[in-house]
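So the structure is just underneath, and the comments pick up after that.
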Amino acid sequence: MNMLQIRDFNLKATLESGQLFRYHGSGDDFYYVVAGDAIIKIRQNRNGSGVEYGCSSDSFDVKKFLGLNHSYGKIIKSISRDEKIAAAIRNHYGLRVLEQEPWECTASFICSAFSNIPRIKQCIEKVAMAFGSSIEFDGFTTFSFPQPQQINDFAKLKMCGLGYRAKYLFETARIFSNNSEYYSLQHNSAASGMCNRTLSDLHLRKLSYEEAKKRVIELPGVGSKVADCILLFSCGFYEAFPVDVWIHRAMSRMYGSELREFAAERGLKAKKTGEKLIGDYARLRFGKYCGYAQQFLFHHARSGEKKPSPAHLP
DNA sequence: CACCAGGTACTGT
DNA sequence: ACAGTACATGGT
């Protein structure tokens, strides 16, 4: 086990803020996080001064995966433009944006469309069980997330409960397989050199946010929102601002008048505040790290508006 | 049995 | 460009 002293980190908020679907545990003890073919066992010290972790793969860069290389203070300062967002940040201070592997992130968020988090998790586990390989670490057993080439049986994929998304995932898996030099998942098959930054390093990362988004959105099952999730969670584009129903509600509630004013400035007689408008406004409002702001707002909204536990107990 | 859930693709103006 | 609508599945 490794000990890592790290400030400005909230493991629970980071894992449970909806960026990642494959984790087990609730913060009381160790979490088991599954990424690709790696299992990470990790918990945070009581006083929050650091983390204790182990990983099934020596070459997996846990620190990078957890976003611990980010200049946290600088990012927080940059997005703290007003008291409203500052309150959301205080609520889950230490939340980090993870650096996931692009293929798994893409596949996961294709499954997420028009669904809910418990079922998304269930679908992804089923995909891993159907096409991945059995892996184990410290007594915890599960299945690796399959490489795109491994998702080669459509009938089997249909069994995973994805509904109409099965077709999208299957086709996207094919595109990743056939364009491995572009989407390059380079897993260094022989040396097991797990490299959790690929797509982004080789191509997309060199593009502007707008250009990269255009490319990702070409994938079937990937629209504006999922594209932003991919770019933010796995390609280092922190100006991506995924707008889902939660963010739509939160932004309308918190910045309703500003949004209408922003729409008016653009000549849009929009009574309705569309997703595109919200994203553009967020980039203006929170700056180039607005993706971080999105993650705080999302977790803030979801943890706050969750139904309170039954009050009929003594 | 309606209704909802981290939207997307397709259609029509 | 922008609104409407169908879409699979599983849980209340």
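To find a chain, count down the sequence lines: A is the first, B the second, and so on, and within it residues start at 1.
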| said: Quick check on the 6.0 Å ring-centre criterion: do Tyr93(A) and Tyr72(A) meet it? | reply: yes

| said: Can you check the distance between dC1(B) and dT9(C), where both ends of the measurement are the C1' atom (answer in whole Å)? | reply: 16 Å

| Whole Å only: how far is the CZ atom of Phe154(A) from the P atom of dA8(C)? | 10 Å

| task | Give a yes or no on whether a donor-acceptor pair under 3.5 Å exists between the nucleobase atoms of dG7(B), that is its base, and the side chain of Tyr168(A). | result | no

| task | Report the distance from atom CZ of Phe114(A) to atom P of dC4(B), rounded to the nearest whole Å. | result | 10 Å

| task | Sort out for me which residue in Val226(A), Leu232(A), Asp228(A) forms a side chain to side chain contact (heavy atoms under 4.5 Å, CB included) with Ile230(A). | result | Val226(A)

| query | If the P atom of dA8(C) is compared with that of dT11(B), how far apart are they to the nearest Å? | reply | 14 Å

| task | May I ask you to establish whether Lys41(A) and Phe140(A) are in a cation-pi arrangement, using a distance under 6.0 Å from NZ or CZ to the six-membered ring centre and at most 45° from the ring axis? | result | no

| field | Side chain proximity check, Phe233(A) to Gln295(A), heavy atoms < 4.5 angstrom | value | yes

| task | Could you give the distance separating dT5(C) and dC4(B) at their P atoms, to the nearest angstrom? | result | 15 Å

| query | Which value, in whole Å, describes the distance between the C1' atoms of nucleotides dA9(B) and dG10(C)? | reply | 22 Å

| remark: dist Phe262(A):CZ -> Glu265(A):CD (nearest 0.5 Å) comes out at 7.0 Å

| Euclidean distance for P, dA6(C) against dC3(B) (whole angstrom) | 14 Å

| Under 5.5 Å between ring centres and under 30° between planes: true for Tyr164(A) and the base of dA8(C)? | no

| note | Under a 4.0 Å heavy-atom cutoff, the residues of residues 115-131 of chain A touching DNA chain C are Arg119(A)

| Taking Gln19(A) for the side chain and Arg96(A) for the main chain, is one N or O donor matched with an acceptor at less than 3.5 Å? | yes

| Checking all strands, does Gly221(A) fall into the base, sugar-phosphate, or nothing category for heavy-atom contacts under 4.0 angstrom? | sugar-phosphate

| said: Just to be sure I understand the rule, does Val222(A) reach a base, reach only the sugar-phosphate, or reach nothing, if contact means heavy atoms closer than 4.0 Å? | reply: sugar-phosphate

| Quick one: Asp228(A) CG to dG7(B) P, roughly how many Å, whole number? | 13 Å

| message | Suppose we call two aromatic rings close when their centres sit under 6.0 Å apart. Are Phe60(A) and Phe65(A) close by that rule? | response | yes

| So do Ile247(A) and Phe241(A) actually touch side chain to side chain, heavy atoms under 4.5 Å? | yes

| query | If you look at every strand shown and take non-hydrogen atoms under 4.0 Å, does Ser17(A) touch a base, only sugar-phosphate, or nothing? | reply | base

| What's the CG-P distance between Leu219(A) and dT8(B), to the nearest Å? | 12 Å

| query | Rounded to the nearest Å, what distance is computed from the CG atom of residue Leu169(A) to the P atom of nucleotide dT8(B)? | reply | 15 Å

| field | Phe109(A)-dG6(B) aromatic stacking (under 5.5 Å, under 30°) | value | no

| query | Once you round it to whole Å, what is the distance between C1' of dG6(B) and NE2 of His300(A)? | reply | 17 Å

| query | Closer than 4.0 Å, any side-chain N/O of Arg302(A) to the OP1 or OP2 of dG6(B)? | reply | yes

